[in-house]
Amino acid sequence: MESTFETMLRSAIDVARAINARALVILKDLRPKEIPPVDITLVVVGSVFDIEDEHVKRVSIPHNLDLNNVLNLISAFLMEHELLDEGDSFVYATDDLIGIKSVKKGISAMRGFFAQNQNVMQRLLEITIELSVEGREGAHVGTVFVIGDTRNVLKHSHQMIPNPFKGHKISVLDRNSKEIIKEFAQLDGAFVVSSTGRILTAGRYIEVDPKAIDLMLPPGLGSRHIAAAGITKLTKAISISLSESGTIRIFKNGLMLLEYNPRIRY
């Protein structure tokens, strides 16, 4: 007997064919044998598997993001891999939902987001979401992670405190590092993380003059977010900022790609 999700998936395939969608996105972990045969690009979110099929792509995105932000990141992924252009549509399916998403103007600004190690970005997003919800020792926490292009990031910043990671090879991909990261997130300044996940430093002051680099950001953002945005315009890095209000923002090329507060129900 066909399961509910199998019925949803079959219906999603029919919808994709009916509207000539260029991709079908499945927001559910699947085993390789569960992947349906389709003649368009299939994107599986969150699954870990090896499969030799040029039509099947895997992307790692934290499941605890809200659906709109997940779909925007998937749009960026499809554009970055030249599978979709602005204005194209894809169909997505969850356990209980089928939808159609059009790639809007402005998503092109997110190109390069997935050039970073996906697992590093996912891991840091997961940690940032946990910090937003839980805080640290009963207090709200604000911090910044700057990922990639570390040589140039270090040129545009200076150390505020002795570097607690100097001489250590600690990676964000090591599950045992999470509590260490959360502990040092209470410090003023930013973390600098390599594209492979190694934490080079924490407590770093980012040197950014927003007027000199002409940042185009929503009004009302504080100095932490301005610094997080500015460093991505000066370098090829991506940054994740967390405000004490719980709002998480991701910046690339000086632009805000994602804004999400896990404390708020959307």
Side-chain angles (χ1 to χ4, degrees), residues 3-19 21-30 34-36 38 40-48 56-81 83-111 113-114 116 118-119 121-134 218 238 240-243 245-252 255-266:
S3 68
T4 301
F5 181 72
E6 287 172 334
T7 302
M8 293 285 290
L9 188 53
R10 181 165 49 80
S11 298
I13 293 171
D14 291 340
V15 172
R17 287 172 176 162
I19 68 169
R22 293 181 59 185
L24 172 62
V25 176
I26 301 175
L27 292 108
K28 179 181 174 67
D29 285 320
L30 294 181
E34 296 175 314
I35 296 171
V38 291
I40 59 174
T41 297
L42 180 67
V43 178
V44 180
V45 179
S47 292
V48 179
V56 179
K57 308 294 181 184
R58 183 185 73 84
V59 58
S60 297
I61 297 174
H63 287 289
N64 44 3
L65 284 176
D66 64 289
L67 182 60
N68 184 59
N69 277 310
V70 168
L71 294 176
N72 282 339
L73 289 176
I74 291 168
S75 298
F77 175 83
L78 291 167
M79 287 194 66
E80 189 164 313
H81 289 80
L83 299 170
L84 262 72
D85 297 315
E86 285 186 353
D88 289 337
S89 298
F90 63 88
V91 173
Y92 61 90
T94 70
D95 277 320
D96 54 9
L97 179 68
I98 296 173
I100 301 171
K101 171 74 173 179
S102 294
V103 181
K104 297 178 181 179
K105 290 183 178 180
I107 290 293
S108 58
M110 298 174 73
R111 287 184 182 274
F113 179 85
F114 288 96
Q116 304 290 347
Q118 284 187 46
N119 292 328
M121 291 299 301
Q122 180 181 23
R123 183 68 177 145
L124 286 173
L125 261 177
E126 289 172 350
I127 292 171
T128 308
I129 290 169
E130 288 183 16
L131 280 169
S132 170
V133 174
E134 301 168 3
I238 289 176
I240 302 173
S241 68
L242 169 64
S243 69
S245 68
T247 301
I248 298 166
R249 296 177 174 91
I250 296 180
F251 298 96
K252 173 70 177 174
L255 300 173
M256 186 168 65
L257 309 185
L258 178 150
E259 183 177 46
Y260 175 56
N261 191 327
R263 298 184 201 164
I264 299 174
R265 289 190 176 184
Y266 290 83

* **Within-4.5 Å side-chain heavy-atom neighbours: Leu131 and Ile248** => no
* Asked: What's the spacing between Leu73 CG and Leu258 CG if we round to 0.5 Å?
  -> 5.5 Å
* Asked: Who pairs with Ser102 by side chain to side chain contact (heavy atoms under 4.5 Å, CB included), at least two apart in sequence or on another chain?
  -> Ser89
* Of all residues at least two apart in sequence or in a different chain, which pass the side chain to side chain contact (heavy atoms under 4.5 Å, CB included) check with Ala21? -> Ala16, Ile19, Val91
* Asked: Between the side chain of Arg22 and the main-chain N/O of Thr41, is any donor-acceptor distance below 3.5 Å?
  -> no
* Asked: Got a sec, which residues hit side-chain hydrogen bond (donor to acceptor under 3.5 Å, both in side chains) with Thr128, two or more places apart in sequence or on another chain?
  -> none
* Residue pair Ile40, Leu24: steps toward the side-chain contact (heavy atoms from CB on, under 4.5 Å) verdict -> CA-CA 7 Å; Ile40 59 174; Leu24 172 62; 4.0 Å; yes
* To do: Could you walk me through whether Asp88 and Met79 pass the side-chain contact (heavy atoms from CB on, under 4.5 Å) test, one step at a time?
  => CA-CA 10 Å; Asp88 289 337; Met79 287 194 66; over 6 Å; no
* Taking all atoms of both residues into account, what is the closest heavy-atom pair of Asn261 and Ser245, and its distance? -> ND2-O, 3.1 Å
* Asked: Looking at OH of Tyr260 and CG of Leu125, how far apart are the two atoms once the value is rounded to the nearest 0.5 Å?
  -> 10.5 Å
* Pairwise side-chain contact, Leu84 with Ser75, heavy-atom cut-off 4.5 Å (strictly under) -> no
* Residues two or more places apart in sequence or in another chain: which of them pass side chain to side chain contact (heavy atoms under 4.5 Å, CB included) with Leu97? -> Leu67, Tyr92, Thr94
* **Heavy-atom pair with the smallest gap, counting every atom of Leu124 and Ile240** => CB-CD1, 3.9 Å
* Asked: Are side-chain heavy atoms of Leu78 and Val103 found at a separation under 4.5 Å?
  -> no
* Structure fact -> In terms of heavy-atom contacts, Pro262 and Gly246 come closest through CD-O, 3.5 Å
* Structure fact -> dist Glu259:CD -> Ile250:CD1 (nearest 0.5 Å) comes out at 11.5 Å
* Are Asn68 and Lys101 close enough that some pair of their side-chain heavy atoms sits under 4.5 Å apart? -> yes
* Partner residues of Asp95 under the salt bridge (Lys or Arg N to Asp or Glu O under 4.0 Å) criterion, sequence neighbours left out -> Lys28
* When rounded to the nearest 0.5 angstrom, what is the spacing between CG in Asp14 and CD1 in Ile98? -> 8.5 Å
* Would you mind reporting whether Leu71 and Phe90 have side-chain heavy atoms less than 4.5 Å apart? => yes
